[in-house]
Amino acid sequence: MENHERELEKMERSEIIQLVGSRISSEILRTPEKIITADEPLISSGLIDSFSLVDLALQVEDLFGVRIEDFELNVDTFDTLFQLSDIILSRIDQ
Amino acid sequence: MPTFTSVLLDNNKNIPDKIILHLQKAGGEDLHISYKELIEGSSRYSYALSKSGIKPGEVVVIILQHGLDLIYSYFGTILNGSIPSIMPFLTEKLLPEKYRHDLNSLIEITKPSGIITFYEFKPELTQLEDNSALKKILIVEEINQYESKNGENIFSGLNRNPDDIVLLQHSSGTTGLQKGVALSHQAVFNQLESYSKAIKLSEKDIIVSWLPLYHDMGLIASFLMPILRGIPLVLMSPFDWVRAPHRLFKAVSDYKGTLSWLPNFAYNFCAKKIRKDDIEGVDLSCLRAVINCSEPMRFSSHQMFIERFLPYGLKASALATCYAMAENVFAVTQDGIEKPITIDEIDLETFQKEKIAKPFKESLQSIKMISAGKPIAENRVRIVDDNGKDLPDRHLGEIYIQSNCMLTEYYLRKDETQRSLLDGWFKTGDLGYIADSELYISGRKKDLIIVGGKNIYPQDIEAVISEVEGVHPGRAVAFGIFNEDKGTEDVIVISEIESLDSEKGNLISDEIRRRVTQSTAVALRHVLLVDEKWLIKTSSGKIARSANKEKYLLEYVNIITHD
C-alpha cells in the first residue's frame with residue numbers, strides 16, 4: 001500500500017491521462033480500441049452521457065483513491081482528461 | 001365536479017399551512033412549501049399569463065430547469081385555465097440546432113400562445129416570435145418581480161369544466177414532441193381515484209421522487225397525485241440524482257418516505273453505483289412500496305436491488321410493479337402492494353418460437369416473468385392478434401386498454417388519435433400476455449427504444465445519422481437491445497456507408513456517436529458500419545427495423561454478450 005501511494009505521488013500527468021482515458025474507453029464506452037486525447041471534450045461532446053458520470057467518478061476513485069464530488073461532475077469543473085488530471089493531481093498531493 | 005383549480009384552492013382554504021412539497025437542491029437547503037405558498041407563488045404566473053392576453057384553453061409551453069420556478073409556472077398556468085406542457089430544458093450536451101428543430105416540431109403542432117422560460121434562454125426562441133399563434137414569451141425573472149395575487153376570484157381556471165383539457169404530456173425527440181397527449185381534468189381525477197385505491201394511498205404516506213416532470217411517472221404519480229391529494233412530496237432534481245443516486249435513499253431516510261417510483265434501470269444503477277460510505281446509517285424500513293414502472297421490468301433487477309439494500313432495512317415486500325402510459329394518464333395495472341409480486345416462470349423456447357407463455361416444467365431454459373398486476377378500477381385490458389381478434393390466456397399479443405381515464409386526443413392530431421383507437425380501445429403497441437388475470441409485459445410491437453425510462457424514437461436517431469457525411473442518406477437503422485447488466489436497453493445503430501475504409505469508418509462512427517448523443521442525450525452501445533445492400537428492406541423499399549435487428553443479433557450477438 002505504501003508503495004502504491006509513493007507511485008501515485010510520482011505519477012506524471014501523462015500517465016494519469018493515459019490511465020483514465022483507457023478506463024473510460026474500456027469500462028464506460030466499451031470500445032477499448034478508442035484512444036481519447038487529452039483535450040477531447042468528454043461531457044460537452046456527449047461522449048459520456050449522464051448515466052455514466054457516476055461511473056467516471058467511481059473509476060477515478062478506484063484508480064487513484066481520490067474522490068470527484070457529484071457537484072463536480074459537469075462541464076464547469078472539467079470537460080477534458082487534461083482538466084480532470086488537474087483535479088486528480090491536486091488531490092493526490094494532499 | 002372538481003377541476004385542478006378548484007381542488008388547489010380548496011386545499012389553500014382548508015389546509016393553507018400544510019407543507020405539501022419539500023424541494024431539494026444539491027448544495028442548498030431544502031425548501032418547504034405550504035399550499036398557501038404554492039398558490040401565492042403560482043398566482044404570479046397566472047397573473048402574468050392573463051396580463052399577456054393568454055386565455056384559458058390555450059397552450060403554454062414551459063422550458064425551465066427543475067426547481068420552484070418550474071413548479072409555480074406549472075400551477076400558475078393551470079390557475080389561469082391554460083394548458084401547460086413541459087419541454088425539457090436545453091442541456092449543455094444537446095445540439096442547439098437539433099433542439100431548435102425539436103422545439104419547432106412542438107410549436108408547429110401544438111400552437112402555444114405562450115412560452116415561459118429563463119431570461120438567458122430567450123435568444124433561443126426569438127425566431128419563434130413570427131409564429132402567429134404565439135402571443136408572448138414570458139420571462140421568469142420578470143414574473144418573479146410581480147406581487148403575488150392570492151384571491152380566488154382572479155383565477156380564470158375556476159371557469160374550466162371537468163371535460164376540458166388540463167395538460168399535455170409529450171415524449172422526447174422530434175416524433176414525441178409532435179404527439180402531445182391531451183388529458184382532461186376528469187380523466188386525471190378518475191386515474192388518481194383508481195390508482196390511490198390500488199396503492200392504498202393514505203395520509204400517512206410520503207412520496208419521494210427524483211423523476212423529471214416531463215414524463216408521466218414523474219408528472220402524475222410523483223407530482224400531481226401527491227399535490228392534488230394532500231400527500232407530502234419530497235422532490236429532487238433528476239440532474240442531481242443521476243450524479244449522486246444515494247440522494248434518493250438519504251431523502252427517504254430523512255423524511256420517512258413511504259413510496260417511490262423508479263424505472264427498471266434505476267434498480268441496477270442504485271444497486272451498483274452507490275458508495276457504501278454515502279448511505280451509511282440510512283434507514284429504508286419506512287418504504288412500503290418501491291414501484292417499478294415505465295420500461296420492461298426484470299426479475300434480476302429486483303433481486304440485485306433487494307440484496308443490496310436489505311441491510312439498510314428495505315423490506316422485500318416493498319418491491320412493486322406497475323404498467324402505465326401517458327395515454328391512460330398513468331397506471332393501467334398494479335402489483336405488489338401488501339403482497340409479493342407474482343412471478344410466472346415460463347418455458348423460454350415455447351415463448352420465443354410459439355409466442356405462448358407455457359408454465360416451466362422440465363424444459364431446458366426458463367425465464368422468470370414478473371407480473372405488472374391486475375387492472376386498477378375502471379380499467380380493462382385485452383390481448384389481441386394482428387387482426388384485433390382476442391387471444392386466449394397465455395398467448396402473446398398486443399395489449400389493448402380501455403378505461404375512464406383515457407386521453408382526450410393527441411393534441412390537434414386527429415390522424416394520430418384515430419390511428420391509435422379501435423372501437424373505444426387504445427392500441428398500446430406493447431406486447432404481453434395475461435395469465436390468471438395478471439398482465440405480463442414482454443416487449444413492444446411498435447418501434448420504440450426505452451433507455452432509462454425515457455422513450456426514444458428510432459426514426460429520430462436515424463434522421464440524425466443520415467446527415468453525417470459519408471453515410472448513405474436514409475440507409476441507417478437504430479434499435480434497442482436489452483442489457484441485463486444495466487437493466488435497460490442499449491442503443492445499436494447500423495449504417496450503410498459509401499466506402500468501408502477503416503480510417504474513414506472510425507471518423508464516421510465517432511461522428512455518429514457524437515451527434516446521436518447530443519441529440520438524444522444517450523450514448524450508443526455499438527455503431528456498426530456496413531456496405532451497401534446489408535440492410536434488409538421491406539417490399540415498399542423501407543428499412544425494416546425488426547428484421548435488421550434479428551439479422552444483427554444472429555451475426556453480431558457475440559459482441560454484446562461478451563461483457
Side-chain angles (χ1 to χ4, degrees), chain A residues 1 20-84 87-88 91 94, chain B residues 25-28 91-95 98 212 238-247 263 265-266 268-270 272-275 277-278 451-454 464 483 485-488 490-491 502 506 509-527 559-560 562-563:
Chain A
M1 188 63 202
V20 182
S22 69
R23 269 292 175 99
I24 293 175
S25 297
S26 62
E27 297 302 314
I28 298 178
L29 305 178
R30 307 267 171 158
T31 43
E33 67 279 8
K34 182 168 171 61
I35 310 282
I36 305 169
T37 55
D39 54 358
E40 189 174 344
L42 300 172
I43 303 174
S44 65
S45 67
L47 193 64
I48 291 184
D49 66 13
S50 56
F51 298 123
S52 302
L53 287 169
V54 173
D55 255 335
L56 178 65
L58 293 175
Q59 296 292 349
V60 167
E61 213 167 303
D62 181 48
L63 281 169
F64 310 106
V66 300
R67 180 161 174 154
I68 312 284
E69 297 294 338
D70 56 86
F71 53 83
E72 296 177 309
L73 293 171
N74 59 62
V75 220
D76 300 334
T77 321
F78 71 90
D79 195 23
T80 63
L81 288 178
F82 191 87
Q83 290 166 301
L84 185 58
I87 300 180
I88 295 168
R91 289 182 197 171
Q94 280 164 14
Chain B
K25 176 92 193 111
T91 65
E92 68 236 8
K93 257 185 346 219
L94 295 169
L95 286 175
K98 164 76 175 148
F239 186 90
D240 292 342
W241 176 80
V242 81
R243 285 164 176 74
H246 70 271
R247 284 179 194 279
F265 93 94
N268 296 49
F269 192 69
C270 289
K272 291 186 170 169
K273 310 291 180 205
I274 293 179
R275 299 173 183 91
D277 296 352
D278 288 339
V451 181
K454 178 179 157 178
V464 169
N483 178 325
D485 188 45
K486 288 189 196 157
T488 191
D490 279 331
V491 184
S502 74
N506 283 341
S509 152
D510 277 356
E511 185 62 11
I512 289 176
R513 280 179 188 276
R514 192 179 68 82
R515 291 212 195 179
V516 171
T517 311
Q518 288 181 331
S519 62
T520 62
V522 167
L524 294 173
R525 174 72 178 81
H526 186 199
V527 178
I559 296 173
I560 299 298
H562 238 47
D563 30 45

* What are the two closest heavy atoms between B:Val242 and A:Ser50, and how far apart are they? -> CG2-O, 3.7 Å
* Distance from A:Leu58 atom CG to B:Lys273 atom NZ, nearest 0.5 Å? -> 6.5 Å
* To do: Taking the side chain as every heavy atom from C-beta outward, state whether B:Val451 and A:Phe51 have any atom pair closer than 4.5 Å.
  => yes
* What part of B:Asp510 lies closer than 4.5 angstrom to a heavy atom of chain A: side chain, backbone, both or neither? -> side chain
* Run the numbers on A:Arg67 and B:Asp278 for salt bridge (charged side-chain N to carboxylate O under 4.0 Å, His left out), then give the verdict. => CA-CA 12 Å; A:Arg67 180 161 174 154; B:Asp278 288 339; 3.1 Å; yes
* Grab the two heavy atoms, one from A:Leu53 and one from B:Arg243, that are nearest each other, plus how far apart they are. => CD1-NH2, 3.3 Å
* Asked: So which part of A:Ile68 gets closer than 4.5 Å to some heavy atom of chain B, the side chain, the backbone, both or neither?
  -> backbone
* Asked: So, for A:Val54 and B:Ala244, which heavy atoms are closest and what is the spacing to 0.1 Å?
  -> CG2-N, 4.4 Å
* For B:Pro238, is it the side chain, the backbone, both, or neither that has a heavy atom closer than 4.5 Å to a heavy atom of chain A? -> neither
* Asked: Atom CG of B:Asn506 and atom CD1 of A:Ile35: how far apart are they, to the nearest 0.5 Å?
  -> 10.5 Å
* Between B:Ala523 and A:Asp49, what is the shortest heavy-atom contact and its length? -> N-OD2, 3.0 Å
* To do: Flag the pair B:Arg275 and A:Glu61 as a salt bridge only when some basic side-chain nitrogen lies within less than 4.0 angstrom of an acidic carboxylate oxygen.
  => yes
* Structure fact -> Among B:Lys486, B:Arg513, B:Arg247, the residue with the most heavy-atom pairs under 4.5 Å to chain A is B:Arg247
